[in-house]
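Structure, as structure tokens:
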Amino acid sequence: MNILILGSGGREHTFAYKIKQSAQCDTLFVAPGNAGTAQIATNVAISVTDFEAIKDLVIKEVIEMVVVGPEDPLVQGIYDYFKADNQLKKVAVIGPSQAGATLEGSKERAKEFMMAHNIPTAAYESFTQETLAQGQAFLETLNAPYVLKADGLAAGKGVLILDSLEEAKDELAMMLGGKFGDASTTVVIEEFLDGIELSVFVLTDGKDYKILPTAKDYKRIGEGDKGLNTGGMGAISPVPFADAAFMHKIEEQVVKPTVNGLAKENIEYKGFVFIGLIKVGDEPKVIEYNVRMGDPETEVVLPRIKSDLVQLFKSVDAGSLAQETLEIDERSATTVMVVSGGYPEAYEKGKVINGIDAIEDSLVLHAGTTVKDGNVVTNGGRVIAITSFDTDFRKAIKKSYQNIAKLDFDRMFYRTDIGFDL
Ligand code: AMP
Ligand code: GLY
């Protein structure tokens, strides 16, 4: 079948790499894609939220499956758009309906869902401009640090963790006053959870599910996980501290009630659930849902899946996921993200990237890259992820770093401590 992937990051290059391994994939399209996807698929220069242009492409190229990478088209209802259109409704869309996507699109909705289905999470209350005074009074009842979350999508910047009560009260007023536009009309204030983070990925057809490999992401720009938040600077899979006993708790207390909760609410959900968790003592607590795969987590999770990804997706679409078996590569995978100097703040684009061809025994997964005058050049903050495998994650990370040393572009930057805390 012909398949379309929506997106342009390292996540989508990894999807393309896995999907190309399937004998069931004929022509693969990526919209808009990057220099890496251009090497293995056909890039089409359309935006992931231009549903009409996507429809035209799907009809013209006889595409039978659309794999949605980022959250924006899901939150804007691409699944429902396809299912409501006579020409498109038979196309398999891998991603939830708009109702399902609210788990990521609204933090308040996600908290209400967790409460309704008894899923362990931090205690919380939510506030609007009208209840600002109550919100500030609620902060006084909590201990530092204070966690404030803009309800809506705020490009990964909507969560503030503050040590001072005064600062938290001021920030609450600013957020409700429009600091993140419509995204912070409602603000969730929640209990701070002290523990270690990990991510669990679930593929579901709305009834049954497969738990994919776990991953740990390194979110901050600086060594020792200091400095500004980024989309993610590196990841490892599996997470060494997620042993069988802890995974059993996650499956029973989080995964099953999540999938069953969606079904009980009659929500169509054929796609990924990315569950952000904090391990507090020995207990899992959910800090967020995303309705897509993570980036750069995908760069370590998907390459460890040995099963045919297209077959899994076909079963997700058909509602027969229970019949599939998931085969996992037991080795560890690690990825290190190479970024443009200045990221996650202002950075330049168009820098020629040298050394890609010298990389051996690692996967080169392109993120913000494009081709200009025959050269691969930078085209985003996060530029290339280097994924490596080994029996031990420390050996794998060493391979990623040895290969990154061969790469070079003006103001190239990467963290040198991925996995060092474990
Ligand atoms: P989120 O956008 O919900 O993933 O939040 C961004 C980051 O803030 C998370 O990755 C955590 O590191 C942190 N965080 C969110 N909620 C909490 C919480 N209740 N307690 C401690 N840290 C949190
Ligand atoms: N790496 C975190 C995310 O994709 O949301």
Side-chain angles (χ1 to χ4, degrees), residues 7-12 14-15 68-72 74-75 103-111 114 120-126 139 142-163 168 175 180 183-184 187-201 214-221 225-237 239 272-281 283-302 335-337 339 344 365 367 381-382 385 415 418 421:
S8 60
R11 169 179 51 209
E12 287 76 18
T14 315
F15 270 116
V68 186
E71 62 277 19
D72 277 342
L74 295 166
V75 172
L103 285 187
E104 176 163 1
S106 164
K107 302 267 186 207
E108 186 182 38
R109 152 71 178 149
K111 296 297 284 193
M114 289 184 250
T121 186
Y124 81 105
E125 300 247 2
S126 49
L139 283 168
L142 301 175
N143 296 319
Y146 304 93
V147 182
L148 306 183
K149 299 186 172 185
D151 176 55
L153 294 181
K157 299 196 172 81
V159 176
L160 298 177
I161 298 181
L162 304 160
D163 287 322
M175 287 171 90
F180 298 107
S184 62
V187 172
V188 171
I189 300 179
E190 70 178 30
E191 167 200 10
F192 179 80
L193 298 173
D194 198 4
I196 181 158
E197 269 184 79
L198 77 156
S199 303
V200 170
F201 301 91
T214 55
K216 181 164 169 53
D217 173 24
Y218 290 80
K219 288 203 169 78
R220 305 296 186 100
I221 188 71
D225 229 27
K226 300 257 162 32
L228 293 175
N229 242 330
T230 71
M233 296 294 288
I236 71 170
S237 175
V239 178
F272 294 97
V273 194
F274 160 176
I275 307 170
L277 295 154
I278 297 191
K279 184 179 186 211
V280 184
E283 300 306 317
K285 299 239 184 191
V286 177
I287 46 169
E288 66 165 349
Y289 286 111
N290 296 299
V291 298
R292 52 173 173 83
M293 283 298 291
D295 193 353
E297 292 90 333
T298 305
E299 287 90 309
V300 290
V301 171
L302 286 194
T335 200
V336 178
M337 192 59 87
V339 307
L365 298 164
R382 295 193 294 170
R415 269 178 66 169
I418 302 300
D421 55 330

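Whatever order the structure lists ligands and atoms in, that order sets their numbers, starting from 1. Note that the coordinates shown come from a computational prediction; the quantities given were computed from them, not determined experimentally.
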With a 4.0 Å cut-off, would you call Glu288 and Lys107 a salt bridge?
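Yes, charged N to carboxylate O under 4.0 Å.
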Salt bridge (charged side-chain N to carboxylate O under 4.0 Å, His left out) involving Arg415 - partner list, sequence neighbours excluded:
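Partners of Arg415 by the salt bridge (charged side-chain N to carboxylate O under 4.0 Å, His left out) criterion, ordered by chain and then number, come out as Asp225, Asp417.
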Can I get a per-line list of side-chain donor-acceptor pairs under 3.5 Å for residues 189-198, giving both atom names and the distance, sequence neighbours left out?
residue, atom, partner, partner atom, Å
Glu190, OE1, Lys111, NZ, 2.7
Glu190, OE2, Lys149, NZ, 3.0
Glu191, OE1, Ala123, N, 2.8

Do [X] and [Y] come within less than 4.5 Å of each other through their side chains, counting heavy atoms only?
X	Y	value
Ile236	Ile418	yes
Glu108	Val187	no
Arg292	Phe272	no
Val273	Phe201	no

List ligand 1's nitrogen or oxygen atoms that come under 3.5 Å of a protein nitrogen or oxygen, with the partner atom and distance.
residue, atom, partner, partner atom, Å
ligand 1, 2 (O), Lys107, NZ, 3.3
ligand 1, 3 (O), Lys107, NZ, 3.1
ligand 1, 3 (O), Lys149, NZ, 3.3
ligand 1, 4 (O), Glu288, OE1, 3.1
ligand 1, 4 (O), Glu288, OE2, 2.8
ligand 1, 10 (O), Glu197, OE1, 2.8
ligand 1, 10 (O), Lys219, NZ, 3.3
ligand 1, 12 (O), Glu197, OE2, 2.4
ligand 1, 16 (N), Lys149, NZ, 3.0
ligand 1, 16 (N), Glu190, OE2, 3.4
ligand 1, 19 (N), Glu190, OE2, 2.7
ligand 1, 19 (N), Glu191, O, 2.9
ligand 1, 20 (N), Leu193, N, 2.8

Between Asp421 and Tyr218, do the side chains contain an N or O donor and an N or O acceptor separated by less than 3.5 Å?
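The answer is yes; a qualifying pair exists.
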Qualifying residue for side-chain contact (heavy atoms from CB on, under 4.5 Å) with Pro344, from Thr230, Val339, Asn229
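Answer after filtering Thr230, Val339, Asn229: Thr230.
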Write down, by chain and number, every protein residue that brings a non-hydrogen atom to less than 4.0 Å from an atom of ligand 2.
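Asp217, Gly231, Phe274, Arg292, Gly294, Asp295, Pro296, Glu297.
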